Number of protein chains: 2
Amino acid sequence: MLTISLASPVPIHDQLVAGLRGLIAAGQLAEGDELPPVRQLAADLGINLNTVARAYRELTDAGLLASARGRGTIVIATVERASGPKAEERKRIEASIAAALGDAKLAGLTREAAESMAARQIERLWKHV
Amino acid sequence: MLTISLASPVPIHDQLVAGLRGLIAAGQLAEGDELPPVRQLAADLGINLNTVARAYRELTDAGLLASARGRGTIVIATVERASGPKAEERKRIEASIAAALGDAKLAGLTREAAESMAARQIERLWKHV
DNA sequence: GACATTGTCGCAGAGTATGATACAATAGCC
DNA sequence: GGCTATTGTATCATACTCTGCGACAATGTC
């Protein structure tokens with residue numbers, strides 16, 4: 001369900017956060033779903049439990065998860081929000097999209113290939129809405 | 001032409017690399033163009049010259065720039081490549097696009113807003129081709 | 001040849017990521 | 001009610017990375 005790369009320059013807990021956010025955004029993790037205990041997920045991935053705990057905590061702080069000792073961690077994301085993001089956040093988001101697509105172009109992707117990639121991801125992400 | 005955020009968790013040199021790649025990918029920096037000296041760009045951005053030098057070096061290693069003592073740094077990118085990227089790289093690229101769009105959805109963006117953002121960036125990036 | 005310009009190298013301090021270990025709170029069972 | 005297992009949290013140590021300061025090396029200009 002989740003894969004991480006120990007060789008990647010991006011921190012493991014960031015990879016976890018991104019992966020979990022992706023699962024939640026795509027609807028594969030819905031509100032109320034339980035996440036594996038930190039020890040189990042850490043063992044499955046071959047990393048330290050603190051690293052998993054940190055990812056859970058960051059998502060908890062972001063309001064996507066809820067954790068409690070002895071009870072575990074569940075998804076409390078309410079993806080649908082009344083109003084869209086603020087202008088500042090929109091700018092940040094568009095910058096990250098621009099960076100990803102800019103990378104794609106530098107890698108030699110054609111415009112058509114990039115369009116199809118973006119379309120496929122949008123389709124996948126908003127499918128469950 | 002370039003903006004960086006000292007408060008951001010992503011390293012300054014990575015921001016520079018991403019920004020420069022973006023400018024090159026968008027065609028605002030073309031083959032043969034000279035980049036500002038490391039000291040000047042560092043002063044403009046309020047950072048250390050080594051940080052700029054590192055960004056230049058990484059892009060040099062990536063084959064986008066060429067540096068020489070006393071002469072400066074120029075763009076040698078040849079964006080158009082004979083064959084598209086390998087499957088592995090395509091996978092990495094699509095993952096970064098998916099992450100950016102997943103973030104967009106979690107932030108509350110509608111599907112239509114995401115589509116328009118992606119389309120606008122693709123238009124901007126591939127305009128000069 | 002002297003000087004300015006430009007990129008590069010070595011080192012140090014600060015901060016961060018990751019991990020080992022111990023602690024605290026909840027649930028389940030007798 | 002008490003014991004045990006389960007689960008998240010806190011503390012500390014180690015290694016690594018980022019950033020910056022200073023010095024060096026190569027090129028261009030006069």
Side-chain angles (χ1 to χ4, degrees), chain A residues 1-21 24 29 32-77 99, chain B residues 1-21 24 29 32-77 99:
Chain A
M1 183 150 109
L2 270 177
T3 62
I4 59 167
S5 163
L6 297 177
S8 166
V10 5
I12 301 175
H13 68 266
D14 277 350
Q15 296 184 45
L16 283 176
V17 168
L20 290 171
R21 289 187 86 108
I24 296 172
L29 277 179
D33 285 355
E34 288 185 5
L35 271 69
V38 290
R39 285 169 181 77
Q40 178 185 325
L41 185 53
D44 289 349
L45 298 174
I47 59 180
N48 193 272
L49 82 171
N50 284 306
T51 307
V52 176
R54 177 166 178 179
Y56 280 10
R57 182 176 184 178
E58 288 181 15
L59 290 169
T60 300
D61 292 343
L64 272 63
L65 303 180
S67 292
R69 289 178 177 171
R71 286 189 299 170
T73 304
I74 64 170
V75 180
I76 60 169
Chain B
M1 184 150 109
L2 270 177
T3 61
I4 59 166
S5 163
L6 297 178
S8 165
V10 7
I12 301 176
H13 69 266
D14 277 350
Q15 296 184 45
L16 283 176
V17 168
L20 291 170
R21 289 187 86 108
I24 295 172
L29 278 179
D33 285 356
E34 288 185 5
L35 272 69
V38 290
R39 283 168 182 78
Q40 178 185 325
L41 184 53
D44 289 348
L45 298 175
I47 59 179
N48 192 271
L49 80 170
N50 282 305
T51 308
V52 176
R54 177 167 179 178
Y56 280 9
R57 182 176 184 180
E58 289 181 14
L59 290 169
T60 299
D61 292 343
L64 272 63
L65 303 180
S67 292
R69 290 177 176 171
R71 286 189 296 168
T73 304
I74 64 169
V75 179
I76 60 169

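Note that the structure is a prediction, hence the values are computed from the model and not measured. By convention in this document, chain letters (A, B, ...) are assigned in the order of the sequence lines, proteins followed by strands, and residues within each chain are numbered from 1.
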Tell me the interatomic distance from [X], atom [atom1], to [N], atom [atom2], rounded to whole angstroms.
X	N	atom1	atom2	result
B:E58	C:dG7	CD	C1'	15 Å
A:H13	D:dT9	NE2	C1'	17 Å
B:R57	D:dT19	CZ	C1'	16 Å
B:L65	C:dT6	CG	P	16 Å
B:I74	C:dG7	CD1	C1'	14 Å
A:L6	D:dA15	CG	P	18 Å

Nearest heavy-atom pair of [X] and [Y]: which atoms, and what distance?
X	Y	answer
B:V52	B:L16	CA-CD1, 4.0 Å
A:P36	A:Y56	O-OH, 2.6 Å
B:H13	B:A55	O-CB, 3.9 Å
A:S8	A:S5	N-OG, 3.1 Å
A:E58	A:V17	OE1-CG2, 3.4 Å
A:R21	A:L64	CG-CD2, 4.3 Å

B:V38 vs B:T73 side-chain heavy atoms within contact, under 4.5 Å: no
Validation row: B:L35, B:L41 side chains within 4.5 angstrom (heavy atoms): no
Identified side chain to side chain contact (heavy atoms under 4.5 Å, CB included) partner of A:L65 from the options A:I74, A:L59, A:I76, A:D33: A:L59
C:dG7 OP1/OP2 closer than 4.0 Å to side-chain N/O of B:T73: yes
Near-strand residues of residues 40-56 of chain B, defined as heavy-atom separation under 4.0 angstrom from DNA chain D: B:I47, B:N48, B:N50, B:T51, B:R54
Check: A:R39 side chain, D:dG8 base, donor-acceptor under 3.5 Å: yes
Protein proximity profile, nucleotides 25-30 of chain C - base contact B, sugar-phosphate-only contact S, no contact -, cut-off 4.0 Å on heavy atoms: SBS---
Among C:dT8, D:dG8, D:dC18, the one nearest A:V38 by side-chain distance: D:dG8
